[in-house]
Student: 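Below are the structure tokens for one structure; questions will follow.
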Amino acid sequence: MLVYYSLGNFVNWTSGTGEGVANRMVGGMAEVTIMKNDHGEVEIADYGVKPMISHVASGPEGVTTYFLEDYPEELAEENEIVSQDPEFSREYCVNLCDSIWGDLWKAE
């Protein structure tokens, strides 16, 4: 049985500071392909996870989400979460996804 547990929020904001705060900016969207087999039974044909990043900016837009594959380093450098956790970067997000999901998330 396939179970996705605690993927995270699609939109996140954090008020803490220090090491680990950046972890809260990464979430995931489940990807599941369900098909009927030759016997007419429903089964999971494929599964994965699509990482999402919460991008924090001042102004009326505030928090926006991006798929990690669409989130360039230049934008990561502008994420206001850096002021709370200077470790945050696109590479930080990639490494976090690797440590949590392994190859399950890699579509890049």
Side-chain angles (χ1 to χ4, degrees):
M1 173 181 286
L2 178 62
V3 176
Y4 284 88
Y5 180 75
S6 189
L7 289 174
N9 300 320
F10 290 145
V11 177
N12 190 11
W13 174 252
T14 182
S15 60
T17 58
E19 185 178 336
V21 169
N23 291 358
R24 301 179 205 164
M25 304 313 285
V26 179
M29 180 182 290
E31 290 185 301
V32 181
T33 304
I34 300 173
M35 300 178 70
K36 284 188 177 182
N37 64 21
D38 294 339
H39 304 291
E41 300 166 330
V42 176
E43 58 185 35
I44 296 169
D46 196 18
Y47 60 93
V49 65
K50 204 161 171 99
M52 299 183 76
I53 307 301
S54 291
H55 180 81
V56 181
S58 52
E61 285 78 42
V63 180
T64 307
T65 57
Y66 293 89
F67 288 115
L68 179 56
E69 63 192 38
D70 300 326
Y71 193 65
E73 182 60 42
E74 298 79 31
L75 192 55
E77 291 171 1
E78 296 173 9
N79 194 324
E80 290 189 14
I81 196 67
V82 173
S83 67
Q84 294 179 31
D85 187 345
E87 295 296 314
F88 182 84
S89 66
R90 186 180 190 289
E91 181 181 5
Y92 179 94
C93 296
V94 168
N95 291 337
L96 182 61
C97 292
D98 282 342
S99 70
I100 295 171
W101 295 311
D103 290 336
L104 195 59
W105 73 276
K106 292 189 178 173
E108 295 184 61

Student: CG/D46 to CG/L2 distance, rounded to the nearest 0.5 angstrom?
Tutor: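 With rounding to 0.5 Å, CG (D46) is 10.0 Å from CG (L2).
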Student: Between D85 and R24, does any side-chain N to carboxylate O distance fall below 4.0 Å?
Tutor: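 Looking at D85 and R24, the cut-off is not met.
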Student: Between the main-chain N or O of Y47 and the side-chain N or O of E31, is there a donor-acceptor pair closer than 3.5 Å?
Tutor: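 Absent.
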Student: Look up atom CG in L104 and atom NZ in K50, then write down how far apart they are to the nearest 0.5 Å.
Tutor: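 L104 atom CG to K50 atom NZ measures 13.0 Å (nearest 0.5 Å).
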Student: Does the pair E77/R90 count as a salt bridge with the N-to-O cut at 4.0 Å?
Tutor: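 Salt bridge between E77 and R90, a charged N being under 4.0 Å from a carboxylate O: no.
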Student: Which atoms form the tightest heavy-atom contact between G28 and V49, and what is the distance?
Tutor: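 Looking at all heavy atoms of both residues, the closest pair is CA-CG2, 4.0 Å.
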Student: So which heavy atom on P51 is nearest to which on W105, and how close?
Tutor: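 Heavy-atom minimum between the residues: CG-CE3, 3.4 Å.
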Student: Calculate, to the nearest 0.5 Å, the distance between atoms CD and CD belonging to E73 and E78 respectively.
Tutor: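 It is 10.5 Å, given to the nearest 0.5 Å.
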Student: Are any of the side-chain heavy atoms of H55 and T65 separated by less than 4.5 Å?
Tutor: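 No, side chains not in contact.
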Student: Partners of Y92 by ring pair (Phe, Tyr, Trp, His ring centres under 6.0 Å), sequence neighbours excluded?
Tutor: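 Here no residue qualifies.
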Student: If every non-hydrogen atom of V82 is compared with every non-hydrogen atom of A76, which pair is closest and at what distance?
Tutor: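 Closest heavy-atom pair between V82 and A76: CG2-O, 3.9 Å.
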Student: Got a second to check how far L96's CG is from I53's CD1, nearest 0.5 Å?
Tutor: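 Reported value, rounded in 0.5 Å steps: 8.0 Å.
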Student: Please assess I44 against V32 for the test side-chain contact (heavy atoms from CB on, under 4.5 Å), listing each intermediate value before the final yes or no.
Tutor: CA-CA 7 Å; I44 296 169; V32 181; 4.3 Å; yes
Student: Of all heavy-atom pairs between V21 and Q84, which one has the smallest distance, and what is that distance?
Tutor: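 Taking V21 first and Q84 second, the nearest heavy atoms are CG1-OE1, 3.8 Å.
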Student: Given side chain to side chain donor-acceptor pair (under 3.5 Å), test S58 with E80 step by step and report yes or no.
Tutor: CA-CA 8 Å; S58 52; E80 290 189 14; 3.1 Å; yes
Student: Do Y71 and N79 have side-chain heavy atoms sitting under 4.5 Å apart?
Tutor: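 Yes; the side chains approach each other to less than 4.5 Å.
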Student: E74: which residues meet the side-chain contact (heavy atoms from CB on, under 4.5 Å) condition with it, sequence neighbours left out?
Tutor: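 Here the qualifying residues are P72.
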Student: So F67 and M29, side-chain contact (heavy atoms from CB on, under 4.5 Å) or not? Walk me through it.
Tutor: CA-CA 9 Å; F67 288 115; M29 180 182 290; 4.2 Å; yes
Student: Please say which of V56, I81, N23 ends up in a side-chain contact (heavy atoms from CB on, under 4.5 Å) with F88.
Tutor: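 The passing option is I81.
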Student: Nearest 0.5 angstrom please: N95 CG to S89 OG, how far?
Tutor: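 Answer rounded to 0.5 Å: 7.5 Å.
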Student: Can you list the residues that meet the side-chain contact (heavy atoms from CB on, under 4.5 Å) rule with E43, with sequence neighbours excluded?
Tutor: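 Here the qualifying residues are N37.
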